[in-house]
2 protein chains.
Amino acid sequence: MTTGDPDGGTPPATSDVLWLRGERERPARRAAPLTLERIVTEAVAELDAHGAERLTMRRLAQRLDVTSTALYWHVSTKEDLLDLAVDHILGEVPLPEPGPEPRAALRALLLGWRAAMLAHPWSPGLLGRPLLGPNVLARTEFVQATLTRAGLAGLELASATHQLTGFVIGTAMTDATWRRLDDPEIVTRARAHITGLREIYPTLSTSGFVDQEWSDDDLFGVSLERILDTLTPSPAREP
Amino acid sequence: MTTGDPDGGTPPATSDVLWLRGERERPARRAAPLTLERIVTEAVAELDAHGAERLTMRRLAQRLDVTSTALYWHVSTKEDLLDLAVDHILGEVPLPEPGPEPRAALRALLLGWRAAMLAHPWSPGLLGRPLLGPNVLARTEFVQATLTRAGLAGLELASATHQLTGFVIGTAMTDATWRRLDDPEIVTRARAHITGLREIYPTLSTSGFVDQEWSDDDLFGVSLERILDTLTPSPAREP
DNA sequence: ACCTGAACACCGTTCAAGT
DNA sequence: ACCTGAACACCGTTCAAGT
């Protein structure tokens with residue numbers, strides 16, 4: 001291999017001399033080459049910044065300083081890109097050490113799962129496509145492996161997995177809805193709407209459903225413990 | 001009030017005589033007047049037929065035999081229309097008689113909730129907006145009222161509501177994904193994809209996760225019972 | 001191999017105008 | 001009050017062409 005001499009062909013015509021070329025004619029090398037990874041990372045950034053409805057191929061391309069059509073060399077469709085974005089953020093979910101305590105491991109994983117989704121509140125709404133990315137599957141594998149270690153099998157195992165994943169996804173979906181609102185006043189209006197219909201919604205308007213006595217994180221926390229209670233040996237609870 | 005004589009003014013000019021007007025000149029009265037209700041009903045029909053991504057204001061208008069811009073007189077935005085569609089199908093969920101058996105009432109309501117969503121598999125994906133329609137609220141009111149009747153209050157009530165609604169929504173979301181697929185072969189391919197990576201997903205590929213030993217409805221059924229176990233007095237179960 | 005430019009067939013929505 | 005028609009400012013995606 002020779003030293004870097006990329007263009008060993010005929011010398012350039014004298015009409016093209018480096019020192020005579022204007023500043024703007026310099027290679028102006030792109031900050032980084034366009035790769036699938038850069039595209040996905042930037043897509044996530046755009047989604048975080050402006051939400052799902054504002055992500056367009058053209059805006060994303062602008063961010064990456066290329067033509068929108070250039071993206072199609074790396075990704076075959078916008079839907080594929082969204083699938084990649086979802087799996088990408090699920091990669092942020094830490095996989096706990098598979099220690100000797102299944103319950104703690106499950107709790108840690110599911111709290112992390114929820115945290116990742118709510119950190120990117122556009123993500124729960126994008127879960128309506130087959131979740132088969134490596135990061136999702138790794139997390140699901142972890143859940144099932146841990147449940148197996150806890151002694152579950154067959155229908156009990158399947159049901160437990162169903163319960164846990166359904167629960168994280170469902171609550172993330174509804175909780176993300178409220179976190180995504182740009183106008184916090186809508187929450188107050190929603191509350192007023194329900195309490196204003198006290199006759200129609202007697203329980204909702206008086207049960208604390210509309211108050212924010214407990215945060216959604218608190219609620220998720222205690223609910224998760226209740227579910228884990230039924231799946232793994234648990235500390236004693238009063239009936 | 002006189003008998004029907006809508007136009008009591010000057011008689012029509014002789015150049016305009018009923019019997020001389022061509023067939024095509026007849027009023028050609030629209031099948032039905034355009035109302036918000038017809039719009040929503042037809043939107044649901046279009047969604048059922050072709051899915052969420054194919055619903056456009058123009059296609060919907062065509063279905064209703066009007067201009068797309070006519071819709072905007074009745075509905076202020078497409079998003080509002082989708083909110084209406086979601087609440088509309090939730091109206092299909094039967095509200096059980098609030099009999100003396102809370103557990104049976106909850107089971108019936110939640111099974112109905114799931115059934116309605118899966119009957120319109122585009123709906124779970126549209127749950128990312130504040131659910132404040134009358135039909136959703138009525139169902140949520142029912143859940144909370146029944147739980148209250150079962151003796152829950154305060155944090156326990158809030159957590160139970162959170163668990164149940166999160167669970168139905170989350171599982172409906174993932175189950176609808178697979179029911180929406182036009183190509184059933186994708187399921188087989190998904191299965192093959194996981195079992196093909198047996199080293200990476202040892203549990204998933206051998207636990208029955210990919211087999212269809214239990215239908216998603218079966219899984220929902222038993223999981224729901226497990227959750228209800230923790231919320232209401234339940235028949236004895238072995239530990 | 002990788003990117004640009006032009007083009008196609010659409011979108012949601014606004015608004016003046018008709019009846 | 002209710003609907004049409006034209007128009008605006010976009011979309012995702014394809015494809016020939018450049019380097």
Side-chain angles (χ1 to χ4, degrees), chain A residues 5-10 12-13 16 21 24-40 42-43 46-47 50-85 122 126 128-129, chain B residues 6-7 9-10 12-13 16 21 24-40 42-43 46-47 50-85 122 126 128-129:
Chain A
D5 189 1
D7 213 339
T10 50
D16 181 25
R21 266 183 261 149
R24 63 204 171 340
E25 290 260 83
R26 251 196 282 181
R29 97 171 75 247
R30 201 181 309 291
L34 192 58
T35 64
L36 183 57
E37 198 180 329
R38 277 192 70 226
I39 293 177
V40 173
E42 220 59 36
E46 179 74 10
L47 286 163
H50 302 293
E53 67 283 3
R54 281 269 298 263
L55 179 75
T56 69
M57 297 305 265
R58 290 173 214 253
R59 286 175 64 92
L60 178 57
Q62 213 170 354
R63 229 176 208 281
L64 290 157
D65 207 23
V66 293
T67 321
S68 70
T69 56
L71 300 172
Y72 286 89
W73 174 258
H74 301 271
V75 95
S76 63
T77 196
K78 189 189 176 184
E79 293 230 294
D80 279 11
L81 177 56
L82 291 176
D83 284 354
L84 290 168
W122 44 267
L126 261 37
R129 313 200 67 231
Chain B
D7 214 339
T10 50
D16 181 26
R21 266 182 263 152
R24 60 192 171 354
E25 290 259 83
R26 253 197 281 180
R29 96 169 78 246
R30 203 182 308 293
L34 192 58
T35 64
L36 183 57
E37 198 180 329
R38 278 192 69 227
I39 294 177
V40 173
E42 221 58 37
E46 178 75 10
L47 286 163
H50 302 293
E53 66 285 2
R54 279 270 298 262
L55 178 75
T56 69
M57 298 303 267
R58 290 175 214 252
R59 287 176 65 91
L60 178 57
Q62 212 168 353
R63 227 176 210 282
L64 289 158
D65 207 24
V66 292
T67 320
S68 68
T69 56
L71 300 172
Y72 286 89
W73 205 88
H74 300 272
V75 94
S76 62
T77 196
K78 189 190 178 185
E79 293 230 294
D80 280 11
L81 177 57
L82 292 175
D83 284 353
L84 290 168
W122 45 268
L126 262 35
R129 310 200 68 231

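Remember, predicted model here, so these are calculated numbers, not experimental data. All chains are named by letter (A, B, ...) in the order of the sequence lines, taking the proteins before the strands, and each is independently numbered beginning at 1.
Taking atom CG of B:Leu55 as the reference point, atom C1' of C:dG12 lies 12 Å away to the nearest angstrom. Atom P of nucleotide C:dG5 and atom CE of A:Met57 are separated by 18 Å, given to the nearest angstrom. Remark: C1' of C:dG5 and CG of A:Leu71 are 15 Å apart, rounded to the nearest angstrom. Residue A:Arg58 contributes atom CZ, which lies 10 Å from atom C1' of C:dA7 at whole-angstrom precision. Put simply, CD1 on B:Ile39 is 11 Å from C1' on D:dC2, counting in whole angstrom units. With rounding to whole Å, B:Lys78 atom NZ is found 8 Å from C:dG12 atom C1'. Residue A:Leu64 contributes atom CG, which lies 14 Å from atom C1' of C:dC2 at whole-angstrom precision. If you measure from atom CD of A:Gln62 to atom P of C:dC3, you get 17 Å, rounded to the nearest angstrom.
When both distances must be under 3.5 Å, the Watson-Crick or G-U wobble mate of C:dG12 is D:dC8. Within the shown strands, nothing qualifies as a pairing partner of D:dA17 under the Watson-Crick or G-U definition with both distances less than 3.5 Å.
Considering only side-chain N and O atoms, A:His74 lies nowhere under 4.0 angstrom from the phosphate OP1 or OP2 of C:dA1. OP1 or OP2 of D:dC11 lies within a sub-4.0 Å distance of a side-chain N or O belonging to A:Thr56.
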Annotated protein contacts, base or backbone, on nucleotides 14-19 of chain D with a non-hydrogen cut-off under 4.0 Å, one of B, S, - each: B-----

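Summarising the geometry of B:Lys78 relative to B:Leu55, their closest heavy-atom pair is NZ-O, 2.9 Å, with the distance given to 0.1 Å.
The gap from the P atom of C:dA9 to that of D:dA9 amounts to 22 Å, rounded to the nearest Å.
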